[in-house]
Amino acid sequence: YLRVGESLMRATRGRPLLLQRFPPGAGGPSFFQKRIPDSAPEWLETTIVSTPNGTTSRALVAADLAHVAWAVNLNCLGFHVWPYLAADAEHTDELRLDLDPQPGTDFTHAREAAAELRSLLDELGVVGYPKTTGNRGLHVYLRLEPRWDSYDVRSAAVAVARELERRRPDVITAA
């Protein structure tokens with residue numbers, strides 16, 4: 001984590017994190033931890049996050065590499081980043097599109113969907129950044145001006161999914 005620290009912090013700095021912990025090690029089972037325990041050190045930067053159903057929790061903020069090292073020391077190997085900065089939770093600044101193979105399909109289909117998404121984004125003059133999900137699919141991230149709330153951004157994601165499904169129903173479903 002220290003070797004990739006600069007890149008890691010570029011993607012996570014100032015953002016709330018959902019921790020994916022692997023207590024027995026990288027090859028074993030994992031669980032997701034939203035809540036930072038009350039016993040966490042005082043220097044640790046945290047923020048309150050809220051899920052769409054209204055559930056709140058105190059999440060770790062990626063303030064610096066010391067915060068990352070604290071989480072890694074708990075066997076956290078995966079960091080799932082919220083699409084906004086902790087300092088401005090009212091405005092989402094990333095649109096994330098999730099391209100997962102459905103039953104009966106594989107990564108080849110996810111790549112086809114990504115190519116169709118890239119064509120659409122090119123038409124709109126927007127740049128997306130793909131990322132493998134660690135499983136079977138792809139995420140495509142689009143940086144946004146921090147002007148819209150999470151509901152507006154989610155509506156945009158649904159609109160993109162429906163347009164992709166309209167264009168390529170043989171490969172893409174909005175589901």
Side-chain angles (χ1 to χ4, degrees), residues 1 4 7-8 10-12 15-35 49-57 59-60 62 68 71-72 75-85 89 91-175:
Y1 288 91
V4 298
S7 297
L8 179 64
R10 195 170 33 254
T12 63
R15 295 180 183 280
L17 302 173
L18 172 65
L19 309 179
Q20 186 175 6
R21 294 180 54 192
F22 293 77
S30 68
F31 71 93
F32 292 95
Q33 180 174 341
K34 292 180 192 173
R35 292 175 175 79
V49 296
S50 179
T51 60
N53 70 4
T55 304
T56 60
S57 57
L60 178 67
V68 171
V72 170
N75 291 333
C76 175
L77 302 178
F79 295 93
H80 298 260
V81 184
W82 287 73
Y84 59 78
L85 294 170
H91 298 101
T92 301
D93 67 351
E94 284 184 349
L95 169 62
R96 297 174 181 174
L97 301 166
D98 194 359
L99 305 174
D100 285 329
Q102 298 301 301
T105 67
D106 58 24
F107 191 71
T108 302
H109 296 94
R111 283 196 337 246
E112 272 189 73
E116 191 64 40
L117 173 58
R118 182 174 184 177
S119 294
L120 173 61
L121 296 178
D122 286 348
E123 289 172 28
L124 298 171
V126 177
V127 176
Y129 300 92
K131 173 183 172 267
T132 58
T133 64
N135 193 1
R136 303 179 318 128
L138 293 165
H139 289 168
V140 178
Y141 288 32
L142 289 79
R143 287 292 192 169
L144 304 173
E145 292 179 21
R147 296 177 17 190
W148 299 279
D149 67 24
S150 61
Y151 296 103
D152 292 332
V153 173
R154 185 178 190 292
S155 294
V158 169
V160 168
R162 288 180 178 157
E163 175 59 16
L164 292 174
E165 181 180 55
R166 186 193 67 74
R167 291 177 179 213
R168 291 291 310 274
D170 58 316
V171 176
I172 302 170
T173 173

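Distance check: L120 CG to R166 CZ gives 9.5 Å after rounding to the nearest 0.5 Å. Put simply, SG on C76 and CG on L17 are 7.5 Å apart, with the number rounded to the nearest 0.5 Å. Residue L117 holds its CG atom at 11.0 Å from CD of E163, rounded to the nearest 0.5 Å. Atom-to-atom distance recorded for R35:CZ and T55:OG1 is 7.0 Å, nearest 0.5 angstrom. Taking CG from L144 and CZ from R96, the interatomic distance works out to 10.5 Å, rounded to the nearest 0.5 Å. Considering OG1 of T173 and CG of D170, their distance stands at 12.0 Å, rounded to 0.5 Å.
In this structure the side chain of P83 never reaches within 4.5 angstrom of the side chain of Y141, judged on heavy atoms.
Looking at every heavy atom in both residues, D93 comes nearest to P146 through CB-CB, 4.3 Å. Across every non-hydrogen atom of H109 and V171, the tightest pair is O-CG1, 3.8 Å. Taking all atoms of both residues into account, the shortest heavy-atom contact from Y1 to G78 is OH-N, 4.4 Å. Looking at every heavy atom in both residues, W148 comes nearest to V153 through CB-CG2, 4.0 Å. Here the closest non-hydrogen pair linking A71 and F79 is CB-CE2, 3.7 Å. Nearest approach of W82 to V49, heavy atoms of both residues: CZ2-CG2, 3.5 Å.
When the side chain to side chain contact (heavy atoms under 4.5 Å, CB included) test is applied to F32, the partners found at least two apart in sequence or on another chain are L18, Q20, H80. E165 is linked by a salt bridge (Lys or Arg N to Asp or Glu O under 4.0 Å) to nothing, counting only residues two or more places apart in sequence or in another chain.
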Practice problem: Give the intermediate values and the outcome of salt bridge (charged side-chain N to carboxylate O under 4.0 Å, His left out) for residues E123 and R167. | Solution: CA-CA 13 Å; E123 289 172 28; R167 291 177 179 213; 2.8 Å; yes

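Side-chain atoms of S7 do not come within 3.5 Å of backbone N or O of V4 as any donor-acceptor pair. Without hydrogens or angle criteria, E94 side chain to T92 main chain gives no donor-acceptor distance under 3.5 Å.
In this model, no donor atom of one side chain and acceptor atom of the other lie less than 3.5 Å apart for R15 and T12.
Residue pairs meeting the salt bridge (Lys or Arg N to Asp or Glu O under 4.0 Å) criterion with at least one member in residues 144-155, sequence neighbours excluded, are E145-R147.
Annotation for F31: atom CZ counts as buried by contact number, over 12 foreign heavy atoms lying within 6.0 Å. For R168, the CZ atom counts as densely surrounded, since its 6.0 Å shell holds more than 12 non-hydrogen atoms of other residues, nucleotides or ligands.
Partner of L142 under the side chain to side chain contact (heavy atoms under 4.5 Å, CB included) criterion, out of L95, V127, L124, V160: L95 alone.
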